[in-house]
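To keep things clear, I will list the structure first and then write my remarks on it.
Remember, it's a predicted structure, so these values are computed and weren't measured experimentally. Chain identifiers are assigned alphabetically (A, B, ...) following the order of the sequence lines, protein sequences preceding nucleic acid strands; residue numbering begins at 1 within each chain.
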Protein chains: 2
Amino acid sequence: MVKRTSFEGDGCPVARSLEAIGDWWTLLIIREAMLGLRRFGEFQSKLGMAKNILSARLRSMLDHGILAMVPASDGSAYQEYVLTPKGRGLFPILVALRQWSEEFDDTPEEIDTIMIDRAKGRPVKKLELHAEDGRLLSLADITLKPRPAPRRRSA
Amino acid sequence: MVKRTSFEGDGCPVARSLEAIGDWWTLLIIREAMLGLRRFGEFQSKLGMAKNILSARLRSMLDHGILAMVPASDGSAYQEYVLTPKGRGLFPILVALRQWSEEFDDTPEEIDTIMIDRAKGRPVKKLELHAEDGRLLSLADITLKPRPAPRRRSA
DNA sequence: CCGATTGGTTTTATAATGCAACCACAAAAG
DNA sequence: CTTTTGTGGTTGCATTATAAAACCAATCGG
């Protein structure tokens with residue numbers, strides 16, 4: 001096999017995510033969907049991508065349950081692509097990508113938008129990872145452990 | 001041009017991140033680096049990827065300042081790849097990817113590891129996005145705004 | 001009903017990926 | 001110090017993905 005290796009069977013949850021959203025365009029489509037775009041043509045003109053690629057990505061996201069097709073919105077007979085809860089669940093990933101650029105990009109002056117708290121109009125804070133007891137955690141504070149065996153009925 | 005479209009000039013910080021880490025293998029290499037791998041052969045055998053691809057990805061990450069080469073560690077004359085602060089800054093992205101799988105994967109029983117707080121041995125909480133005043137924010141609570149013009153000396 | 005727009009599919013060309021073979025140099029063995 | 005092994009790659013070729021453009025059917029606006 002020379003096809004692009006699939007991570008489907010992999011037990012690593014990072015690999016499993018990448019299997020669904022790890023290609024070039026998917027996250028950008030999702031970003032636009034989160035900003036309110038819904039129609040094929042909107043995505044295509046906003047992102048400037050080839051229509052066949054967009055078509056393939058949309059279908060893949062439908063298959064993965066990230067997007068769903070809904071009948072209308074205006075009165076037309078066309079369909080629209082909307083995020084499912086699973087799709088909206090990608091929000092922290094986009095925030096993490098954005099904040100990494102904001103913090104480490106070599107030419108941050110080229111970044112043209114900032115994410116603000118709609119209620120107050122103020123920039124948001126950085127994503128935080130906490131322990132159960134509330135302590136703020138960083139890379140050095142965590143480790144991986146095998147998943148506990150699933151509960152059997154008579155174990 | 002038919003080459004894979006580059007997001008280099010794009011002002012969107014998500015696109016800019018993807019330019020650096022948006023390909024198939026990069027984040028998996030970084031995951032392994034965060035778990036302690038440092039040598040070419042370690043990455044190659046652990047990930048099972050082609051050596052030329054690994055070579056290209058490592059070079060790209062060096063160029064992007066995500067990895068650095070350091071001379072030794074054991075006494076040998078070989079070199080090792082270690083994460084820079086910019087590379088360690090990718091940690092929230094990996095956490096976000098992991099947690100998305102944990103929450104939305106169709107077959108979560110196939111996920112083989114969980115992330116735990118090293119100090120307490122307990123699972124970590126979900127990533128949280130807060131406003132400056134501490135309110136927990138979700139997708140519906142945020143919006144984007146053009147980046148404020150950079151301060152000029154005599155403005 | 002006629003033309004334009006929307007939402008794609010098909011075709012064809014190029015770039016990226018995967019695998020295997022090869023190679024230089026360091027390290028270890030004799 | 002000579003041979004052998006292991007590390008860290010590069011090179012060549014087959015396959016796959018991506019891109020751009022042409023094409024096409026259904027829908028909508030008048």
Provide a list of protein-nucleic acid N or O atom pairs under 3.5 angstrom, restricted to nucleotides 28-30 of chain C.
none

Practice task
Verify side-chain hydrogen bond (donor to acceptor under 3.5 Å, both in side chains) between A:Arg88 and B:Ser138, making sure each step is shown before the conclusion.
Solution key: CA-CA 10 Å; A:Arg88 284 192 296 276; B:Ser138 69; over 6 Å; no
Within one Ile-Leu-Val-Met-Phe-Trp-Tyr cluster: [X] and [Y], side-chain cutoff 4.5 Å:
X	Y	result
B:Ile30	B:Leu54	yes
A:Leu37	A:Met34	yes
A:Met115	A:Ile111	no
B:Leu136	A:Ile116	no

Please report the distance, rounded to the nearest Å, between [atom1] in [X] and [atom2] in [N].
X	N	atom1	atom2	value
A:Asn52	D:dT16	CG	C1'	14 Å
A:Gln44	D:dA19	CD	P	12 Å
B:Trp24	D:dT15	CH2	C1'	16 Å
A:Leu47	C:dG7	CG	C1'	16 Å
A:Phe43	C:dG8	CZ	C1'	15 Å
A:Glu19	D:dA17	CD	P	11 Å

Problem - A:Trp100 side-chain N/O to B:Phe91 backbone N/O, donor-acceptor pair under 3.5 Å - result: no
Practice task
Locate the shortest heavy-atom distance separating A:Lys125 from A:Gln99; write the atom from each residue and the value.
Solution key: O-NE2, 3.0 Å
Exercise for the section: For A:Ser17 and B:Ser101, work out which heavy atoms get closest and say how close. Expected result: OG-OG, 2.8 Å
Practice task
Check each residue of residues 53-64 of chain B for a non-hydrogen atom within less than 4.0 Å of any atom in DNA chain C, then write out the ones that pass by number, or none.
Solution key: B:Ile53, B:Arg57
Fill in the blank from the handout: Computed from five pairs at either end and rounded to 10 degrees, the angle between the axes of the helix from C:dC1-D:dG30 to C:dG30-D:dC1 is 30°
Handout entry: Residue B:Ala77, side-chain atoms from C-beta onward, closest of D:dA21, C:dA26, D:dT10
Key = C:dA26
Handout entry: Residues A:Leu144, B:Arg31; criterion side-chain contact (heavy atoms from CB on, under 4.5 Å); working and verdict
Key = CA-CA 11 Å; A:Leu144 297 184; B:Arg31 164 173 66 97; 5.9 Å; no
Can you pull every protein N or O that's under 3.5 Å from an N or O on nucleotides 5-8 of chain D?
unit_1, atom_1, unit_2, atom_2, d
D:dG6, N2, B:Tyr78, OH, 3.3
D:dG8, OP1, B:Arg39, NE, 2.6
D:dG8, OP1, B:Arg39, NH2, 3.3
D:dG8, OP2, B:Gly41, N, 3.2

Handout entry: Below 4.0 Å: OP1/OP2 of C:dG18 and any side-chain N or O of B:Trp25
Key = yes
Practice task
With sequence neighbours excluded, tell me which residues meet salt bridge (charged side-chain N to carboxylate O under 4.0 Å, His left out) with B:Arg57.
Solution key: B:Asp23
Problem - N-O pairing of B:Arg38 and B:Glu42 below 4.0 Å - result: no
Review item, side-chain donor-acceptor pairs of residues 58-67 of chain A, under 3.5 Å, at least two apart:
none

Problem - Ring geometry between B:Phe7 and A:Trp25 (parallel below 30°, tilted from 30 to 60°, perpendicular above 60°) - result: perpendicular
